[in-house]
Amino acid sequence: MFEVTDSERAHLRQAFMRGFYQRSVGTFTGPIPGLSGIPLFEHFFQHGLERNVSPTMFFDSAYYQSQLPQPIELPFILHFMRQGAAAGLKPHRLIDPAFIADQEGYTDRSTVLGWLNTDDGRAARTHPLFWGDYYLESNPDIEIPDTSALGHYLSHPFQLKQKSPREPNPFFTSRWYADHSSWDETDPTTPLEHFVAKGLLDDLSPTPLFDRSHYRDESGIGRGPEAPVSAYLHFMTEGLWNNISPHSMIDPEFMMSRFGDMLPPGQPAALYYLRTEHEQLLQPCPRFHPRGVHGFKIGENRQSDWRGHVLERYLMGDARGTRLEAPLMVKGDVYDELLAVGEIAPDYAVSFLEQADGLQRQNFNVFLDPRTRLLDMLDAEVPDGTKAIIAIPAFRHGGAELIASNIAKVFAEQSIPTVIMVTELAVTADLGWFPEGQPIVDLASMRKQLSMNPDDVVRVLGEFFLGVEPAVLVNVNSTVLWQTYKTYGLTLSQVMSLWTNLFCFDYDTNGFPVGYANQLVETIDYLDTILVDNQTFADLLCERFGFGGADAEKFTVSRTPMLAELETKSSFTIAEGARPQALWTGRFAPQKRPDFCYEVAALVPEVDFVMFGTGDQRPPESLENAIDAGVYDSFAGIAPWEYDLFFHTAAWEGLPVSIVEAAGAGLPVVAPLVGGIGEILDDGTGYPLAPDATPEEYAAAVRSCIADRTAAATRAAALRERVGHMHSWANFDQVVRSRIDALNAPRPGPFKRFTL
Amino acid sequence: MSSPDVTAVVNLHRERETCVPTLRSLKAAAEYAEEQGLSVERLVLLDNADDRTRAVAQKILGDTPRYVESTAGDLGLARNRAANEAAGTYTCFLDGDDLWGFRWIARAFAAADAADTDAVWHPAANFVSGKMPHVYHHLGSEHRMFKSSRFRLHNGWTALSFAKTSIYREIPYPPNLLKSGFGYEDWSWNTETLRRGIPHRVVEGTSHYINKRESSLLTSSIHALPTRYHTLDWDALNV
């Protein structure tokens with residue numbers, strides 16, 4: 001049961017449509033008392049309301065029900081008034097209360113149905129695609145105040161034989177839509193309702209004035225999975241108002257250059273053109289002139305401003321045999337000059353004269369280039385005086401972010417104004433790793449918003465960096481920065497210092513080295529500093545690529561500092577009867593070989609291997625002692641000091657931060673000597689294994705570590721001491737500062753470098 | 001003797017007979033300007049030119065122009081040389097494979113002479129030949145639709161500008177430094193003049209004809225960026 005308040009009843013009465021309700025009851029399929037002997041509204045209130053018989057054509061019960069996630073007992077219209085309106089539900093496909101609030105200023109969504117029956121609501125734009133004011137203005141024969149624009153549209157079905165169809169907005173052509181969609185006259189809904197229900201999802205265009213492909217290119221929204229499903233809806237809500245061209249024959253920039261001064265405030269050029277095309281003989285583009293349409297006469301048979309439709313009819317082919325005045329683009333004095341050029345260079349001039357009408361026109365277009373917009377967005381985000389930009393691919397708890405944040409801290413301590421630029425994956429949350437006051441520029445989100453391809457982004461970044469004039473760019477695993485280095489590294493390196501950080505090679509399925517380190521071949525000349533976290537990798541790169549001399553000196557070993565605040569393991573004793581706990585962290589991905597860990601776990605069933613990390617190669621449920629512990633935010637957060645050993649199985653590495661952190665927590669480490677691990681791990685500091693060691697050899701190392709806890713404690717202490725020295729913050733700080741000191745050093749050549 | 005109103009410069013290299021239409025367009029524009037009462041100096045800048053190009057210029061233009069030899073080997077530096085040689089109050093440039101509309105000199109002078117401030121002047125329309133012929137419309141820097149960020153990514157104006165000779169002398173073109181990743185001497189110059197507050201304006205009713213060749217300097221500059229004047233050590237350039 002439900003109760004209706006007085007104010008709700010009053011609003012339902014205001015929204016109530018007698019004729020509509022009468023017809024609705026007539027078609028209602030369930031049992032309902034007859035209408036005789038009772039006022040219609042009382043009938044609704046006593047019988048129709050609880051049966052969801054709609055009291056107004058503005059409330060579509062079936063459509064409303066389709067938006068509900070689960071069945072409700074409350075009558076739909078009451079649910080809408082009490083909760084649904086506030087929750088963003090719509091009473092009808094063509095009524096969007098949020099849009100009405102935004103456009104019309106009527107913000108009480110719960111009473112919007114009654115408001116539509118008021119004088120203020122009768123001409124309302126109820127939906128981005130239904131413009132009540134346009135509808136009434138373009139159909140002056142409709143009598144007001146007997147009906148509202150939307151009510152009239154919904155109750156007067158479109159018929160193909162109509163000479164002048166009543167359209168819901170200036171960019172909707174029902175006859176065209178009938179020809180290009182599944183809608184026909186037998187459809188119980190209007191063309192616009194059909195379009196909103198189906199056409200939007202199929203990215204249809206409801207008018208010849210809108211060319212989806214053209215618009216996607218012009219607006220920069222593109223076609224990828226991230227692009228808006230309906231280009232038309234994007235145009236009607238954004239593009240139109242930003243003067244983006246919807247069709248090659250509608251060129252807002254051209255129009256603004258020709259009659260921009262005539263535009264009423266806030267009126268886009270395309271709308272103004274459509275409104276006045278038959279009166280003012282304005283051109284929507286250089287290639288079309290209303291005068292050129294055969295049989296067109298100014299103002300003929302037009303009842304209102306909006307009834308010209310000359311371009312629309314031309315594009316629909318109604319005006320077959322149309323003749324465009326030629327040459328429209330080349331005229332006046334310029335045409336005379338072109339003719340004169342014909343006397344000097346006939347072939348040249350003729351080629352233009354012959355195609356003058358179809359020549360592609362280009363100019364300095366301010367609206368249509370997403371690259372310009374990206375440059376504007378970046379400029380707005382980066383403060384003046386920025387001296388360092390550190391680029392990272394994402395903003396999550398990963399190795400790239402960790403090294404970038406460490407570099408950023410050194411920059412902050414040196415009072416170098418620094419910006420962090422996230423380039424590939426949009427920022428979703430604050431990491432809390434970077435120093436306060438260093439802006440985070442979310443380039444990834446900007447790229448996504450503008451649907452830009454990488455080449456365009458690189459083009460913008462080249463110019464952007466020159467404009468910011470930083471002393472140093474630091475690339476920590478950003479793909480787009482590597483592309484920028486390759487494309488504009490020569491240019492940028494003349495005036496700023498280019499740094500990068502490399503971790504290690506990856507290897508493809510054939511065992512060939514892949515990854516960012518390979519980019520060095522093309523960029524080594526442009527780079528000043530190549531940060532690596534271990535000497536082994538630097539040596540490997542110099543050996544592989546033949547770098548020597550000044551190139552070799554660019555490699556700078558900046559060892560990732562150990563976490564200072566990490567608690568240290570205090571006891572190595574494993575309690576009687578307790579199962580030893582081995583800690584494994586990393587990505588569940590081929591590089592880290594979690595499957596290898598599973599093999600070892602099967603060989604050492606008396607030990608639990610607790611595995612943290614992201615990725616897909618999760619432990620099999622059948623293996624009870626390989627425990628999937630989920631993901632982790634920070635090493636300290638998983639209390640590593642409570643484990644009995646740290647177990648590492650990677651196939652290739654730089655010098656993994658996890659081992660440094662495990663050493664810092666005082667854990668004995670069992671790991672293969674891949675990458676730079678051998679620089680800290682040996683028989684005196686842990687349990688090293690050959691890169692090609694078998695699972696049995698790993699198992700033996702684990703058992704050895706568990707069996708002799710005194711030796712394990714001794715080795716762990718030695719490792720901690722070694723790492724504490726090599727991976728200290730002071731060391732890292734000193735190394736990075738030595739490179740900073742070089743930034744202001746003069747360089748030979750004709751260019752002055754940007755300095756700190 | 002007073003200085004001429006305008007020096008009309010054509011930069012030649014080794015165009016040979018292909019520059020005949022260019023020279024004829026210069027001749028037509030200069031004669032039209034003179035018919036309007038202007039005095040026009042013709043200056044042919046021959047930068048590392050060959051004899052055949054020299055002969056073609058002589059045949060089309062005769063002895064009227066001043067012929068200046070240069071060994072700069074760089075279009076920007078050659079223009080600088082021409083600007084230093086020019087006797088006219090104003091100077092305008094024409095490259096060896098492009099054409100002026102016949103009213104260019106006269107109308108550009110009229111616009112500049114009537115203007116409230118010094119400016120750099122450009123034609124309204126450019127007919128650009130090549131694989132995709134098109135008409136490029138210039139937009140002045142003071143136009144409300146001009147956007148400086150757009151200009152940073154796209155050169156707004158061609159090199160065939162018209163301005164006071166003193167502007168070209170005070171703000172010389174940078175050399176193309178493609179081996180250092182900097183090019184587009186005209187874009188660089190446009191950027192610098194704009195940065196110094198000199199507006200770029202359009203002369204209505206005028207046109208140029210630009211021969212866009214695929215092997216032009218423009219395409220070889222594809223990964224270069226416009227030179228920033230303030231990063232250049234002109235002394236170290238030794239030009």
Side-chain angles (χ1 to χ4, degrees), chain A residues 253-254 256-257 260 286 329-330 332-338 340-341 343-346 348-349 351-352 355-356 359-367 369 371-376 379 459-460 462-464 466-467 469 486-495 526 748-754, chain B residues 20-22 24-25 27-28 99-104 107 123-129 132-139 143-147 149-154 156-157 175 177-183 204-207 209 211 223-226 228 230-238:
Chain A
E253 190 194 348
F254 171 84
M256 290 179 73
S257 68
M329 176 184 286
V330 184
D333 290 348
V334 171
Y335 186 60
D336 292 343
E337 291 203 336
L338 183 55
V341 163
E343 296 176 12
I344 296 172
Y348 196 91
S351 71
F352 281 113
Q355 54 181 328
L359 272 178
Q360 186 189 352
R361 179 178 175 278
Q362 295 182 4
N363 56 16
F364 199 77
N365 195 324
V366 300
F367 290 108
D369 185 0
R371 296 186 296 185
T372 305
R373 293 175 64 191
L374 178 61
L375 185 56
D376 284 338
D379 281 341
R459 174 68 189 88
V460 173
E463 173 57 36
F464 169 70
L466 269 190
E469 304 187 355
K486 285 165 70 174
T487 305
Y488 294 115
L490 172 63
T491 311
L492 298 176
S493 64
Q494 307 298 326
V495 291
Y526 316 141
F751 293 96
K752 302 173 198 165
R753 276 202 166 192
F754 305 131
Chain B
V20 169
T22 300
R24 286 193 172 138
S25 81
K27 190 164 183 276
L99 283 74
W100 283 335
F102 70 92
R103 295 191 187 91
W104 170 239
R107 291 206 167 172
N126 297 278
F127 290 81
V128 183
S129 65
M132 295 181 64
H134 62 276
V135 180
Y136 180 82
H137 292 257
H138 276 144
L139 191 71
H143 194 285
R144 62 181 175 167
M145 290 172 67
F146 181 84
K147 201 170 170 62
S149 51
R150 172 78 178 174
F151 174 69
R152 287 170 60 191
L153 296 168
H154 305 268
W157 307 291
L177 300 163
L178 293 175
K179 287 182 179 173
S180 299
F182 286 100
E204 294 302 330
T206 58
S207 57
Y209 305 84
N211 189 12
H223 285 165
L225 293 170
R228 302 315 209 249
H230 64 292
T231 68
L232 267 187
D233 182 345
W234 288 84
D235 294 335
L237 279 174
N238 196 25

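Below, all heavy atoms of this structure are taken into account, side chains as well, without hydrogens, waters or symmetry copies. Every chain is numbered from 1, with letters handed out A, B, ... down the list of sequences.
Of the listed residues (B/S180, B/A125, B/A124), the one with the most heavy-atom contacts under 4.5 Å to chain A is B/S180. With respect to chain A, the highest number of heavy-atom pairs below 4.5 Å among B/L237, B/L232, B/D235, B/N126 belongs to B/L232. Of all the listed residues (A/D379, A/V495, A/L466, A/L492), the one sharing the greatest number of non-hydrogen pairs under 4.5 Å with chain B is A/L466. Most heavy-atom pairs under 4.5 Å with chain A, from the set B/S149, B/G101, B/A236: that is B/S149. Here A/G260 is the residue among A/G260, A/G749, A/P748 with the most heavy-atom pairs under 4.5 Å with chain B.
If you check the side chains of B/H230 and A/E469, you find a donor sitting under 3.5 Å from an acceptor.
Taking every heavy atom of both residues into account, A/V460 and B/L153 meet most closely at CA-CD2, 4.1 Å. The two atoms that bring A/Y488 and B/A224 nearest to each other are CE2-O, 4.1 Å, heavy atoms only. Between B/T231 and A/F754, the closest heavy-atom pair is CG2-CE2, 3.6 Å.
Every side-chain hydrogen bond (donor to acceptor under 3.5 Å, both in side chains) that B/S207 has, sequence neighbours left out, goes to A/E337, B/Y209.
The CG atom of B/L225 sits 5.5 Å away from the CZ atom of A/R459 when rounded to the nearest 0.5 Å. Atom OG of B/S25 and atom CD1 of A/I344 lie 5.5 Å apart (nearest 0.5 Å). If you take CZ on B/R152 and CG on A/D376, they are separated by 8.5 Å, rounding to the nearest 0.5 Å. For the atom pair CD of A/Q494 and NZ of B/K179, the computed distance is 13.0 Å after rounding to the nearest 0.5 Å.
Contact of the A/F751 side chain with the B/L177 side chain is registered, since non-hydrogen atoms from C-beta on lie closer than 4.5 Å. Contact check for B/R103 versus A/D333: side-chain heavy atoms found under the 4.5 Å cut-off. Considering only heavy atoms from C-beta on, A/E343 stays 4.5 Å or farther from B/R24 through its side chain.
Proximity to chain B is limited to the side chain of A/L375, based on heavy atoms less than 4.5 angstrom apart. The part of B/R228 that comes within reach of chain A is its side chain, from C-beta onward, which places non-hydrogen atoms under 4.5 angstrom from that chain. The contact between B/L99 and chain A is made entirely by side chain atoms (from C-beta outward), counting heavy-atom distances below 4.5 Å. Interface remark: B/W104 contributes backbone atoms only to the contact with chain A (heavy atom separation under 4.5 Å).
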